[in-house]
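First comes the structure, then the notes that go with it.
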Amino acid sequence: MQVSPVFTAALLFVALSPELGLAAGLNNEMTKYVQGLETQAKKQESGFKGFDPERGKKLFFDARPNDKTGTISCATCHTSDLKKSGKTLVGKVIEPLAPSANKARLTNVKETEKWLLRNFKQVYGREGTAREKGDVLMFINAQ
Amino acid sequence: MNPFGKSFFAVLSVILSVFVLTAGPARGEENSELMGKVANKAYIKECGACHFAYQPQFLPKRSWEKIMNTLDSHFGDSATLDEATRAEILTYLVKNSADSSSSKLSRKMLASLSSTETPLRISDTPYFKRKHREVRPNVFKRKSIGSPANCAGCHLTAEQGDYDEHKVKIPKN
């Protein structure tokens, strides 16, 4: 059987870029942003093999100690169903985080970076690493 | 001869001048609870994403400066902004702070503070406390209100900058 070289190349490309499937649906600027995170993650972690939504899910639900609320995780405000609206600690409604429920999500790099920075600091008390940010984004993108 | 005569115009001018006088300068601001709507998009978007976008007229300039210079730990939460946005919002807040406002509410708010006090919460000011002294603490904790930070929970026209007590409706739960 004859397999076209183009097909083989395409197959190889997809196989070698597992994050490509995970980043499906992202627009150009967001795709570039995720690729940038990937480059950084490779530099920072020698064993890095691409982003993992399962690790992102753990980061999302991991409850950390918090002075005001006892414990806090991303799900404290965004709830455990990302397709539903959440509430901030002072009661303001947060529109759903899942792109399937809210088209505006993960479309703007500046917004995405801002909230990743703020919310990692809020929950983890520090900035997220490139790998962590990519993991969480891939988890959110799959919702 | 003119059928209206001179006296008609005299009466008319008196009536008109009464209108002009009662309209007066800065009509809205003369009303104690009227401060107007928040007018800065970045402020509404960034600050209003998490909490009610309080009218800048509520706090003195020094309060807004302190708040906007400590966003990394904003009442214990991270509210970090990029520098351009932070600077824009600070400019708006300072320009419209209680110090620059002629509204009665701002004047009363300032009068309730000593010049060395820099409140970070509107609800910490003596003026706020006095105005809400009849509201029991557990009322603020009701599910649909949450805390004193949620102005619009009871002040139905808070977003319009109207805190007239006749427009207050306290939810039952």
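Sequence lines set the chain letters: A, B, ... in the order given, protein chains first and strands last, and positions in each chain run from 1. These numbers come from the heavy atoms of this one structure, side chains and all, not from hydrogens, waters or symmetry mates. Owing to the predicted nature of the structure, the values given are computational and were not obtained by experimental measurement.
Between atom NZ of residue A:Lys92 and atom SG of residue B:Cys47 there is a gap of 10.5 Å, rounded to the nearest 0.5 Å.
Listed by chain and number, the residues in a side chain to side chain contact (heavy atoms under 4.5 Å, CB included) with A:Asn66 are A:Lys68, A:Thr69, A:Ile72, A:Gln122 (sequence neighbours excluded). By the side-chain hydrogen bond (donor to acceptor under 3.5 Å, both in side chains) test, B:Asn96 pairs with no residue at all, sequence neighbours left out.
Between A:Lys121 and B:Asp72, at least one side-chain N (NZ, or NE/NH1/NH2) sits under 4.0 Å from a carboxylate O, which counts as a salt bridge.
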Fill in: Worked verdict on B:Thr80 versus A:Lys114 for side-chain contact (heavy atoms from CB on, under 4.5 Å)
CA-CA 8 Å; B:Thr80 316; A:Lys114 180 184 77 189; over 6 Å; no
Item to complete: Carefully, step by step, assess A:Val90 and B:Asn150 under the rule side-chain contact (heavy atoms from CB on, under 4.5 Å).
Response: CA-CA 7 Å; A:Val90 288; B:Asn150 182 12; over 6 Å; no
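The cluster map of Ile, Leu, Val, Met, Phe, Trp and Tyr, joined by side-chain heavy atoms under 4.5 Å apart, puts B:Ile44 and B:Leu59 in the same cluster. In the hydrophobic clustering of this structure, A:Ile94 does not group with A:Phe60; members are Ile, Leu, Val, Met, Phe, Trp, Tyr whose side-chain heavy atoms approach within less than 4.5 Å, directly or through other members.
Neither the backbone nor the side chain of B:Ser73 comes within contact range of chain A; no heavy atom of the residue lies under 4.5 Å from a heavy atom of that chain. Contact annotation for B:Ala49: both backbone and side-chain heavy atoms come within less than 4.5 Å of a heavy atom of chain A.
The environment of A:Arg126 atom CZ is dense: over 12 non-hydrogen atoms of other residues, nucleotides or ligands sit within 6.0 angstrom. By the 6.0 Å contact criterion, CD on B:Gln160 is enclosed, its count of non-hydrogen atoms from other residues, nucleotides or ligands being greater than 12. The environment of B:Asn69 atom CG is dense: over 12 non-hydrogen atoms of other residues, nucleotides or ligands sit within 6.0 angstrom.
For the pair A:Leu89 and B:His51, the minimum side-chain heavy-atom distance is 4.5 Å or more.
Between chain A and the residues B:Gly76, B:Gly146, B:Ala79, B:Ser144, the largest count of heavy-atom pairs under 4.5 Å involves B:Ala79.
The main-chain N or O of B:Ser78 is never found under 3.5 Å from a side-chain atom of A:Arg118 such that the two would form a donor-acceptor pair.
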